[in-house]
Amino acid sequence: MNADSGTAAERAAVLRERLHHHNYRYYVLDDPEVTDAEYDRMLRELQDLEAEHPELQTPDSPTQRVGAPPLEKFDTGAHLVPMLSLENAFDEAEMTEFDRRVRTRLETEAAVDYCAEPKLDGLAVSLLYEDGVFTRGLTRGDGTTGEDVTVNLRTVASLPLALRGDRPPSRLEVRGEVFMPRDGFERINADHRERGVKPFANPRNAAAGSLRQLDSRITAKRPLRLCCYSVGVIEGVALPDTQYETLECLQAWGLPVSPERRRINGLEAARACYDDLATRRAELAYEIDGVVFKVDSLAAQAELGFVARAPRWAIAWKFPAEEQITVLRTVEFQVGRTGAITPVAKLEPVTVAGARVSNATLHNMDEVARKDVHIGDTVVIRRAGDVIPEVVRVLPEKRPEGARVPEMPTTCPVCGSDVVREEGEAAHRCTGGLYCRAQRKEAIRHFASRRALDIDGLGEKIIDQLVERDLVEHVDQLFSLRHEDLVSLERLADKSARNLLDALEAAKETTLARFVYALGIREVGEATAKALAAHFGSLDALMEASEEQLCEVPDVGPVVAHSIRTFFEQPHNREVIAALRTAGVAWTEGEPAGGGPKPLAGSTYVLTGSLEEMTREAASERLQGLGAKVTGSVSKKTTAVIAGADPGSKVDKARDLGVPVLGEADLRELLDVR
Ligand code: JCF
């Protein structure tokens, strides 16, 4: 052996040791000491070393989790000790009954110690460690024999390939659940959808499908996790006296166990534990379907024994099912605040996870097509946590004769405007904009927001009431509100009403850019509104511009141009705009700068103080229209500072830096240059 391979061997050993340690910190203790990037760097270094010196590879190396060539089929293997199933409790009475039976059999009145842990919704496996090395893994199968998925399990990052500690058991058969956390499930399904592969119905199916892959290289790419919960066989080391300590022991050997495990005393505490997990269910990173309670004392477990294939000392107190089957009566189309039109399934009412459900979202028409939803179908409904109920899938075998596919209406069910669907977008949208009642609240909120017309005091609560009482159907009607209208609203005193009327009056004087932004045209944010205002100079020019002309504006592409065109083509939108102008909303119109020369290109101005003839904003837009940059702070690169009345420190700064200071007359001259 040469000196080089000697150091390589040492380095590989050090890296393996560190990677094992960090794997343990991350997956078992849930308390990582290094970032993912640092971990990856070490892993890559080890991979490179092993590639250069294949003799340094060990079967338990952290690099050996990439999978192996596909199998023809899985072998079967016998569990050393049969894998048990769990009795279920579906309500509190059944749990109380379980506790009573346990105490009767143990001949005790005293509260029993239980070890509690969440019941993971994955797939049960049995793992064999011989002399501390992982040698075989089986699925549960029929409880006596299962499929040999050893190569697949070796790719599961949280499964230790070798046990930790000085004296691991000489033989250990340990049971656990392989599951897929929610984020991983979402990621895999997003990837499947993108590639046109059928997504998994739920994380449980995803975990099962991934583990039962004949090609373990695919399994290696799936974000599977392991959580261990019991021991089948143990040799060479004695187990502690309780289930709780057994879990601690497994953890010390490097096997992941539930961080939610608890030792509790008696039925009352079991109920509290159940309630706690039920409330936190939606926040957990993985799906659980109940809480497992086990009599903690192993001696008491032995005394209780088994019935059929389930232990008398354990029970799974299940949460109400998050999925239910029902019939889809019809599909309605709901218009959201932003104009997106969502297909909603109207259902034969069912109770899902404790709540009565008669509506479920179908998301969008792509999803309707992908799930092949027909009206009259029997469907699986899912309601998880606070998430709105959704249609997960249909049961095609139950489809009635003549069931038809729901169709998106061509006009908005609320306002009758055209419904469009933009290229590359999943959602259909109502083009009604300001006119559509469904979008009115959002439209008014946006219209009044600080960067739009900046109507002080027009908050959400007031907007809600204005719309609900039909005081404001379209934004122009904001300007015909009277004092008596406003004081009739809840939470609006005389003084606030007057302030709001003043704010409305003040908001009428605006800029073209703010006005365009305030219209709430899809794809038109503040920057685009400014660019449009500078380019076209007047609202009429903008309203008449073709898509080609719109595309000449910096940053406006075909998508934005199309959205603007569609908006201005809607007669309702034109009516609202005309009414706004009649109400007195006004701005200084400029000359179109678009396409024309940019005499101020390359120059940078700073505006300060108040101008007499126009607002600073209007001046800024017009300077920008002529190609100048307008910034907020003075530097050596500033061409000039333009100062109105009562300028601030910017003028001092300009003098310090030798930057010219111009007045309003100079500004007018600048803007006249064309
Ligand atoms: O999390 C589970 N799915 C889970 C299943 C947890 C347990 O403690 C179990 C189990 C199945 C059988 N314990 C047994 C005895």
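Model, not experiment: these values are computed from the prediction. In listed order, ligands and their atoms are each counted from 1. All values below come from the heavy atoms of this structure, side chains included, with hydrogens, waters and symmetry mates left out.
- Using a cutoff of 4.0 Å between basic side-chain nitrogens and carboxylate oxygens, K119 and E177 are not scored as salt-bridged.
- Shown here is R212, whose CZ atom has no more than 12 heavy atoms of other residues, nucleotides or ligands within 6.0 Å.
- Summarising the local packing, CZ of R167 is surrounded by 12 or fewer heavy atoms from other residues, nucleotides or ligands at distances under 6.0 Å.
- With hydrogens and angles left out, the side-chain atoms of N23 and Y39 include a donor and acceptor closer than 3.5 Å.
- Classification of R261 and E248 as a salt-bridged pair holds, one side-chain N sitting under 4.0 Å from a carboxylate O.
- Under 4.0 Å from any atom of ligand 1, one finds heavy atoms of residues L84, L86, E117, P118, K119, L120, E177, Y229, V292, K294.
- The stretch residues 224-236 participates, sequence neighbours left out, in these salt bridge (Lys or Arg N to Asp or Glu O under 4.0 Å) pairs: R171-E235.
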